[in-house]
Asks: 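A single structure is presented below for examination.
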Amino acid sequence: MKPHIIIRSELPPMNPQLRRDILTQKVRAMSDEELRALATRRERKDPGRRLHPVGIGLPSDVLDRLTAAGDGPEHSVSALVDRLLERESN
């Protein structure tokens, strides 16, 4: 069983296996600095934002890197995951 994370996403639903594969590939290919740069929080004042909870099962090394990059008051794991997936959902 893979570890899971629950994020708040703006993106339309995606096949869970495809989402897991995309995130695993991208996180393993990027440096910690690149991930941290993508993890900046989204603007909270946007009233049009439609966030919904999404559970994602990931390998533990990928989950560890995501949570480390999104750690801190100015960073967000949810924003990071959405940015990694946004090009794939269009």
Side-chain angles (χ1 to χ4, degrees):
M1 185 167 144
K2 294 184 188 290
H4 280 74
I5 188 169
I6 297 175
I7 64 158
R8 294 180 54 189
S9 179
E10 302 182 275
L11 300 175
M14 177 184 280
N15 176 292
Q17 183 63 46
L18 177 61
R19 180 177 47 233
R20 182 176 20 260
D21 292 346
I22 291 167
L23 287 172
T24 298
Q25 179 183 15
K26 286 186 176 186
V27 168
R28 287 179 176 165
M30 296 176 82
S31 71
D32 290 341
E33 294 78 26
E34 290 171 315
L35 290 172
R36 189 89 170 150
L38 289 176
T40 56
R41 286 200 176 276
R42 298 177 272 217
E43 180 58 49
R44 292 179 184 208
K45 296 178 183 173
D46 182 359
R49 178 160 289 130
R50 301 230 191 296
L51 298 172
H52 57 278
V54 176
I56 305 171
L58 294 165
S60 59
D61 66 306
V62 173
L63 186 58
D64 290 345
R65 291 196 64 216
L66 283 175
T67 55
D71 187 35
E74 66 278 348
H75 295 93
S76 165
V77 174
S78 294
L80 171 57
V81 170
D82 268 3
R83 288 182 182 126
L84 290 171
L85 292 173
E86 69 186 347
R87 287 183 225 128
E88 305 298 329
S89 67
N90 294 333

Asks: Can you give me the closest heavy-atom contact between Arg42 and Arg83, atom names plus distance?
Replies: CG-NH2, 4.0 Å
Asks: Can you tell me how far apart CG (Leu38) and NE2 (His75) are? Round to the nearest 0.5 Å.
Replies: 10.0 Å
Asks: Do you know which two heavy atoms are closest between Leu66 and Val77, and how far apart they sit?
Replies: O-CG2, 3.6 Å
Asks: Rounded to the nearest 0.5 Å, what's the gap from CZ on Arg19 to OG on Ser9? Could you check?
Replies: 8.0 Å
Asks: Could you measure the distance from the CG atom of Leu80 to the CE atom of Met30? Nearest 0.5 Å is fine.
Replies: 7.5 Å
Asks: Cut-off 3.5 Å, side chains only: do Gln25 and Asp21 have a donor facing an acceptor?
Replies: no
Asks: Just do the side-chain contact (heavy atoms from CB on, under 4.5 Å) check on Thr24 and Arg28 with the steps written out, would you?
Replies: CA-CA 6 Å; Thr24 298; Arg28 287 179 176 165; 3.4 Å; yes
Asks: Kindly determine whether Val27 and Leu35 satisfy side-chain contact (heavy atoms from CB on, under 4.5 Å), including the steps that lead there.
Replies: CA-CA 7 Å; Val27 168; Leu35 290 172; 4.0 Å; yes
Asks: Is there a path of hydrophobic side-chain contacts, each under 4.5 Å between heavy atoms, that joins Ile56 and Leu18?
Replies: yes
Asks: Look at the side chain of His52 and the backbone N and O of Leu11, then say whether any donor-acceptor pair between them is shorter than 3.5 Å.
Replies: yes
Asks: With rounding to the nearest 0.5 angstrom, report the CG to CD1 distance, Leu85 to Ile7.
Replies: 7.0 Å
Asks: Within a reach of under 6.0 Å around CG of Leu51, are more than 12 heavy atoms found that belong to other residues, nucleotides or ligands?
Replies: yes
Asks: Once rounded to the nearest 0.5 Å, what's the spacing between atom CZ of Arg8 and atom OG of Ser76?
Replies: 9.0 Å
